[in-house]
Amino acid sequence: MKKGEPKEKATQIIEELEKKGLNPVPLYGIERTVIAVIGEERELSIGHLESMKGVEKVMRVLKPYKLVSKETKHENTIIEVKGVKFGDKKEVAMIAGPCSVESDEQMDQVARALKKTGIKLLRGGAYKPRTGPYSFQGLGKEGLKILKSTAKNHDLGIVTELLDVRDLEVVHEHSDIIQVGARNMQNFELLKELGSVQKPILLKRGPSASIEEFLLAAEYILSKGNPNVILCERGIKTFEKATRNTLALATVPLVKELSHLPIIVDPTHGTGKKSLIEAMSKAAIACGADGLIIEVHPNPEEAKSDAQQQLTPDEFNKIYNNLKTIAEAVGRKI
Ligand code: PEP
Ligand code: MN
């Protein structure tokens, strides 16, 4: 649509396209609305569409992913949660918290410290995707309740993982951002269901997914009506054994070329090593990441999952402050 056209103009066009049996998906930007149309091309007369009032241009999108593509929407998508902006050129969004929710006391301790540091979004898994069935699987609903009361007490937003589509309602109720873990990136039924809500989704890259597959996973969510997807690079599997995963930072500037969606980096799972988190966080900010998600536990050695990679609140506080200079150097703020 032309710059500044009112939403009603788009609505008329959407109705007309629907009558033809096509699937129009509006993407509302700050400056303009883009209507992505999915369906049989022979139902469309490009000339007719182009002549409609309010339409600036009609174009074909050649990429396999359409709605997430920068070809479709040039303007970056900004997703705001609890006053934190993902995708804003001026800001680096931060999420921190333990791998798993373990107890009221553990969450209270970590939330108190993180709040002091300046964190507004608290992470913590209640449903945990563990490699083996005998490892701690998370506290489930009980964990969600702990998360919610902790977040309320400290006025924080909640980021937590949804593992199974059957838990969507309860996770939706207890979160501000729903995380889709790396192992679920291609759980297409889960992605489709997440398209039916409006809550922001943190979609982690699968350990062996290509960037195209990653963007197609996001496309599933957008195509079902939820435009609020935050991508997350968390490292991929390679032959390298010295780090837990290989943190593929080139994903960040490349995704920025291909998509309008925000992308953040998880240096914790990306390296699996505490000693590498500061350096990789700095690198992530320098290469244009919209944010970071970092694991912090009040007592990492005792953690029920990912003990070796979690930072103490003090270690995190130091790193957080050191990141500010890098953010400033690239015109952003933490
Ligand atoms: C996590 O965030 O704790 C997690 C399990 O991450 P990933 O899905 O990236 O492995
Ligand atoms: Mn973890």
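We count ligands from 1, going down the list as the structure has it; atoms in each ligand are counted the same way.
- For the pair Arg123 and Leu202, the minimum side-chain heavy-atom distance is 4.5 Å or more.
- For Asp306, the N/O/S atom at the shortest distance from the Mn ion (ligand 2) is named OD2.
- For the residue pair Asp306 and His297, no side-chain donor N or O sits within less than 3.5 Å of a side-chain acceptor on the partner.
- Taking the Mn ion (ligand 2) as the corner point, the angle from His269 atom NE2 to Cys99 atom SG is about 170° (rounded to 10 degrees).
- No side-chain heavy atom of Leu144 sits less than 4.5 Å from a side-chain heavy atom of Asp167.
- The cluster map of Ile, Leu, Val, Met, Phe, Trp and Tyr, joined by side-chain heavy atoms under 4.5 Å apart, puts Ile285 and Leu254 in the same cluster.
- By the side-chain hydrogen bond (donor to acceptor under 3.5 Å, both in side chains) test, Asp104 pairs with no residue at all, sequence neighbours left out.
- Looking only at atom types and distance, the side chain of Gln309 has a donor-acceptor partner in the side chain of His269 under 3.5 Å away.
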Pairs of nitrogen or oxygen atoms, one from ligand 1 and one from the protein, closer than 3.5 Å: please tabulate them with distances.
unit_1	atom_1	unit_2	atom_2	d
ligand 1	2 (O)	Arg123	NH1	2.8
ligand 1	2 (O)	Arg123	NH2	3.3
ligand 1	2 (O)	Gln179	NE2	3.0
ligand 1	2 (O)	Lys204	NZ	3.1
ligand 1	3 (O)	Arg123	NH2	2.9
ligand 1	3 (O)	Lys128	NZ	2.9
ligand 1	3 (O)	His269	NE2	3.3
ligand 1	3 (O)	Glu295	OE2	3.4
ligand 1	6 (O)	Lys204	NZ	2.9
ligand 1	8 (O)	Ala182	N	2.7
ligand 1	9 (O)	Lys204	NZ	2.9
ligand 1	9 (O)	Arg234	NE	2.7
ligand 1	10 (O)	Arg183	NH1	3.1
ligand 1	10 (O)	Arg234	NH2	2.8

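- The Mn ion (ligand 2) sits nearest to atom OE2 when only the N, O or S atoms of Glu295 are considered.
- Here the CD1 atom belonging to Ile236 is positioned 9.0 Å from the OG atom belonging to Ser208, to the nearest 0.5 angstrom.
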